[in-house]
Amino acid sequence: MKKIINNPADFVPEMLDGLLRAHPDQLDYADELHAIVRADSPVEGKVALATGGGSGHLPVFLGYVGKGMLDGCAVGDVFASPSADQMLSVTQRIHGGKGVVYIYGNYGGDVMNFDMAAEMAEMDDIEVRTVLVKDDVASAPPEEADRRRGVAGMVFAFKAAGAKADMGADIDEVVRVTEKILANTRTMGVALSPCTVPLAGKPTFTIGEDEMEIGMGIHGEPGMKREKLQSADEITTRMMEAILADLQPQAGDRLAVMVNGLGATPPEELYIMFRKVHQILSDREISVHRAYVGEYATSMEMAGASITLCRVDDELAELLDYPAHTPFFTQL
Amino acid sequence: MKKIINNPADFVPEMLDGLLRAHPDQLDYADELHAIVRADSPVEGKVALATGGGSGHLPVFLGYVGKGMLDGCAVGDVFASPSADQMLSVTQRIHGGKGVVYIYGNYGGDVMNFDMAAEMAEMDDIEVRTVLVKDDVASAPPEEADRRRGVAGMVFAFKAAGAKADMGADIDEVVRVTEKILANTRTMGVALSPCTVPLAGKPTFTIGEDEMEIGMGIHGEPGMKREKLQSADEITTRMMEAILADLQPQAGDRLAVMVNGLGATPPEELYIMFRKVHQILSDREISVHRAYVGEYATSMEMAGASITLCRVDDELAELLDYPAHTPFFTQL
Amino acid sequence: MRNTISGEAVAGALRRGCTTLSEQVDYLTSLDQALGDGDMGITMGKIAAALLDYVDATPVEDIGQWLAKAGMTANRAGPSTMGTLTATALMRAGKAVKGKNELTADDLVAMFNAADQGMQDRGKAKPGDKTIIDAIHPAAQAFEAAIAAGVSPQEAGAKALAAAEEGRDSVTPLRSKIGRASWVGERTEGKLDPGCAMFVLVLEAVVGG
Amino acid sequence: MRNTISGEAVAGALRRGCTTLSEQVDYLTSLDQALGDGDMGITMGKIAAALLDYVDATPVEDIGQWLAKAGMTANRAGPSTMGTLTATALMRAGKAVKGKNELTADDLVAMFNAADQGMQDRGKAKPGDKTIIDAIHPAAQAFEAAIAAGVSPQEAGAKALAAAEEGRDSVTPLRSKIGRASWVGERTEGKLDPGCAMFVLVLEAVVGG
Ligand SMILES: Nc1ncnc2c1ncn2[C@@H]1O[C@H](COP(=O)(O)OP(=O)(O)O)[C@@H](O)[C@H]1O
Ligand SMILES: Nc1ncnc2c1ncn2[C@@H]1O[C@H](COP(=O)(O)OP(=O)(O)O)[C@@H](O)[C@H]1O
Ligand SMILES: [Mg+2]
Ligand SMILES: [Mg+2]
Ligand SMILES: [Mg+2]
Ligand SMILES: [Mg+2]
């Protein structure tokens with residue numbers, strides 16, 4: 001895949017420089033470019049929320065830094081964890097006196113570095129709590145759910161946690177709703193084409209013109225199974241069956257739904273998928289509380305999509321409906 | 001390029017069905033699925049705004065139907081004009097008693113059909129005015145500016161016209177500001193890879209791994225020139241030089257800037273381009289009033305980007321800053 | 001036996017034209033991809049299918065009205081540039097023979113000229129802009145001249161076809177001056193105009209029957 | 001002549017390890033692409049470059065502190081899974097010999113074990129999960145046993161290398177049980193673990209000097 005880039009080694013810093021030039025009223029950085037925070041950080045008296053992870057997933061991760069969502073984000077290189085140092089810089093800059101919650105995907109490098117950062121932050125007397133996102137049903141069976149990776153479902157966690165913190169809740173309450181929404185959130189994805197890490201210069205995998213990868217993540221990695229490319233309705237049904245079997249929503253339940261494009265798949269195709277999702281849920285007498293159709297967690301120019309279902313009660317519905325405003329996500 | 005679709009012939013109607021299922025509070029249709037309108041149409045006492053054009057460009061065109069922007073959109077097949085019939089259905093449904101303004105891109109089929117629709121609407125005593133978008137500097141030299149096609153710059157026209165109409169202006173005023181913002185708007189694009197019209201089943205053009213098309217439109221058509229792929233900074237500089245020569249902004253001017261992805265090009269690369277745009281403008285002492293970086297006018301899964309510059313005075317700045325809310329575009 | 005053209009013959013001609021269009025979808029797509037956006041084959045295929053349905057379902061009485069309705073059907077089925085021009089041509093040709101149940105050679109001349117003029121009015125292209133006008137306009141003129149010279153509609157059709165082919169080929173070396181192809185610039189030089197190519201194919205089918 | 005290892009020798013060993021890493025970037029990338037996300041080569045290349053700069057710029061006095069600072073440098077340069085484990089190993093190895101200006105064979109044993117244990121603490125992988133632990137853990141044990149049996153550090157290194165290779169190969173048929181590769185599922189069976197492969201290459205360079 002051809003890219004509009006300069007020196008591949010400058011991909012992330014130049015992207016960050018552009019981002020800060022585009023949104024000076026909303027974003028700032030702490031110590032170094034790779035530690036992005038709300039321009040008005042710290043928000044005194046509010047529980048602060050931090051995330052972090054590799055680049056190449058916009059709007060994930062830093063795209064959700066803003067009012068009603070996150071306070072800061074440690075930015076790694078493409079598909080690589082940021083360092084404990086960067087996470088600590090973010091933590092120190094956003095701490096508003098009520099503690100910091102780390103919400104991020106369950107990836108080895110990130111976990112190790114966030115754990116190191118938390119140890120260091122605690123030496124500064126900053127209370128740090130961690131909620132790992134593990135929404136991808138394709139990455140491990142239910143009995144090993146702790147091994148699952150975090151994908152697009154993390155956006156619902158950011159949304160609920162951000163709303164709760166903005167409402168003035170304490171750290172226990174913020175952690176509680178974050179864990180609650182994640183306990184009700186499941187995702188599955190499909191990839192049609194790979195992506196190329198700028199410095200690697202070649203695609204993450206090769207795939208035939210008539211094939212797809214079922215159950216891939218958001219790092220250009222191959223999925224769990226390679227199969228013949230199917231129709232939108234068949235693919236959607238496949239993914240829905242896996243998610244529904246895991247989440248087990250009942251007739252009468254309300255779900256927030258996200259149909260997320262991985263990068264190259266156009267919104268038109270996402271709406272064709274959403275149509276089938278809606279039909280399947282209607283048939284089961286499950287209603288859609290809110291629909292998010294678009295690019296929320298990507299893998300650069302990868303073609304493919306993921307579906308996330310999130311069961312909501314009144315509390316979670318209120319948190320999802322709460323206003324938010326970031327450079328990538330605005331909700332009234 | 002592989003697609004997540006069913007029968008290619010159902011691409012547009014299934015997309016529209018999904019869209020209406022996802023946004024029932026915001027969107028409705030008039031007579032048939034291919035005539036999308038605001039759910040609260042007609043807004044009595046407001047000048048109504050309609051657009052239309054081929055599918056495959058989301059958010060263009062129908063993605064800008066919503067409060068503070070457009071009232072309705074006639075939806076064609078992929079890259080094909082909608083029919084005069086559809087445009088008439090939209091016109092009749094959105095007319096709130098103060099006339100209807102058609103704002104759309106300068107494409108032969110669309111012009112012919114909108115002209116036919118306007119003739120029919122006038123028989124129903126609906127006042128119709130037309131503003132054509134012709135922002136693409138690559139499509140004709142300045143002395144033949146009337147031949148230029150409409151691309152991403154149309155979003156600024158929708159924004160300004162929508163704001164003015166929402167403020168309660170009459171049709172003359174709405175037409176005036178729409179023409180004014182377009183007189184100050186210029187775009188240029190570059191394509192790195194083609195796209196595939198679902199029914200055609202093969203790419204719109206072929207291109208080498210080290211080549212790019214300078215000055216392409218948003219219909220998967222080839223551009224004006226094929227060249228060796230260059231760095232992001234070189235590409236951006238090339239495009240900026242062409243736009244700046246045409247628009248001729250002066251030191252002290254304020255511009256709204258849009259760096260628009262065509263589909264497969266990730267936001268990371270758009271921010272790398274924006275960085276260079278900002279550097280070039282800073283060097284000329286031109287300030288950025290507002291930055292739009294993302295996918296605003298696409299060609300399905302085409303890789304590439306366009307840059308739009310729009311010179312604003314206080315009046316245009318106020319219109320761009322006015323709130324808007326559609327399923328694809330929300331501004332506080 | 002009077003020398004007139006029946007409604008059935010008109011329907012047959014439309015059917016032949018549409019059958020050819022259906023068969024040429026891929027060819028027309030490839031022409032339009034070379035200097036446009038590649039939609040022309042698909043659009044004209046849709047129009048052909050809709051018109052074939054229309055021909056099957058709609059007995060011809062008033063030939064003028066029948067053709068006008070065919071034009072409206074075409075616009076709904078494929079409202080692209082070429083589709084809308086085709087629709088306009090059918091509507092204008094119909095208008096030229098409103099109320100008639102059979103056509104004379106002079107009616108055919110009037111229809112051909114009305115179709116030509118209608119396309120020019122709607123699309124505002126001039127001869128030499130490298131559009132379908134460069135095929136239909138000389139064809140209509142050749143047809144009128146041949147009928148005026150007293151030859152049969154059949155022979156006049158052959159002359160029109162030759163003129164259309166010549167017109168088509170005369171603009172191939174030129175640069176497209178209007179429509180999407182005009183934005184491709186110098187690379188259109190030497191390439192067949194898809195609209196001209198289509199017109200020749202359809203006319204060949206219509207007169208060949 | 002006393003049988004100790006100088007700070008310079010430690011620096012030389014680190015330099016050899018990093019030089020090898022720099023040379024193996026593409027190979028490691030291709031291994032990680034086959035069952036992970038393809039970033040390992042790049043990350044380790046960055047770490048190697050940063051450490052080579054560090055070695056050039058930083059004279060060794062207190063070997064423990066010098067190694068710990070190398071670990072922090074590595075974490076900043078490439079904080080991926082493997083980068084962070086590498087950083088942890090360097091920091092722990094340094095901690096094990098804090099304050100020393102030269103090292104005995106027993107110090108080397110302590111360092112090796114500390115690196116092994118540090119990686120296990122940080123990453124929580126167990127032997128058999130198919131990670132770098134399956135190479136470093138048997139290597140550390142073989143090294144300790146060989147030194148206890150009285151052979152030279154040089155010879156003990158060769159034994160450690162053989163154990164690492166054996167460990168690496170023993171898990172190749174298995175399915176990856178932790179980290180990104182675990183999500184690729186059964187397709188990891190029969191594929192070389194990138195972390196193990198890297199460890200063998202680095203150890204080979206370190207002991208081979
Ligand atoms: N303004 C015009 N008037 C007459 N013919 C035109 C005009 N513009 C384009 N054409 C013809 O239409 C053909 C392309 O048709 P089509 O693909 O439907 O156009 P588009 O893709 O621009 O909607 C061209 O080959 C040319 O012959
Ligand atoms: N939890 C863990 N503990 C020890 N080693 C691990 C762990 N997870 C992965 N590894 C090792 O790391 C290697 C991959 O490193 P790297 O590409 O940096 O990981 P990632 O891409 O997941 O960040 C694997 O081959 C394996 O040897
Ligand atoms: Mg990684
Ligand atoms: Mg996209
Ligand atoms: Mg065309
Ligand atoms: Mg990896």
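Each chain gets a letter, A, B and so on, in the order its sequence line appears, and its residues count up from 1.
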Requested in this report: Apply the side chain to side chain contact (heavy atoms under 4.5 Å, CB included) test between A/N106 and each candidate in A/V133, A/D135, A/V111; give the one that qualifies.
Outcome: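 Only one option passes, and that is A/V111.
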Requested in this report: Flag the one option from D/I178, D/T88, D/D26, D/T84 with the top tally of heavy-atom pairs under 4.5 Å to chain A.
Outcome: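 Among the listed options, the one with the most contacts to chain A is D/T84.
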Query raised in the report: Given that the side chain runs from C-beta out, which part of D/S182 has a heavy atom under 4.5 Å from chain A: side chain, backbone, both or neither?
Result: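 For D/S182, heavy atoms of backbone and side chain both lie under 4.5 Å from chain A.
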Query raised in the report: Heavy-atom distance under 4.5 Å to chain A: side chain of D/K124, backbone, both or neither?
Result: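 Contact with chain A is through the side chain of D/K124 alone.
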Report task. Check each atom of A/K225 against the heavy atoms of chain D and say whether the ones under 4.5 Å are side chain, backbone, both or neither. Result ->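 Contact with chain D involves the backbone of A/K225 alone.
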Requested in this report: Could you look at A/P203 and say if it's the side chain, the backbone, both or neither that has a heavy atom under 4.5 Å from chain D?
Outcome: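 The answer is the backbone of A/P203.
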Report task. Take D/D193 and D/K130 through the salt bridge (charged side-chain N to carboxylate O under 4.0 Å, His left out) test and state the conclusion after the steps. Result -> CA-CA 7 Å; D/D193 177 66; D/K130 192 169 178 178; over 6 Å; no
Query raised in the report: For the residue pair A/Y107 and D/W183, does the interplanar ring angle fall in the parallel (under 30°), tilted (30 to 60°) or perpendicular (over 60°) class?
Result: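 The arrangement is perpendicular - the two ring planes meet at more than 60°.
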Requested in this report: Could you tell me how the ring of D/Y54 sits relative to the ring of D/W66: parallel (under 30°), tilted (30 to 60°) or perpendicular (over 60°)?
Outcome: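 Judged by the thresholds at 30° and 60°, the geometry between D/Y54 and D/W66 is tilted.
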**Report entry** Point-to-point distance, once rounded to the nearest 0.5 Å, from CG of D/L28 to CG of D/L21
**Finding:**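 Answer for the CG-CG pair, D/L28 versus D/L21, is 6.5 Å.
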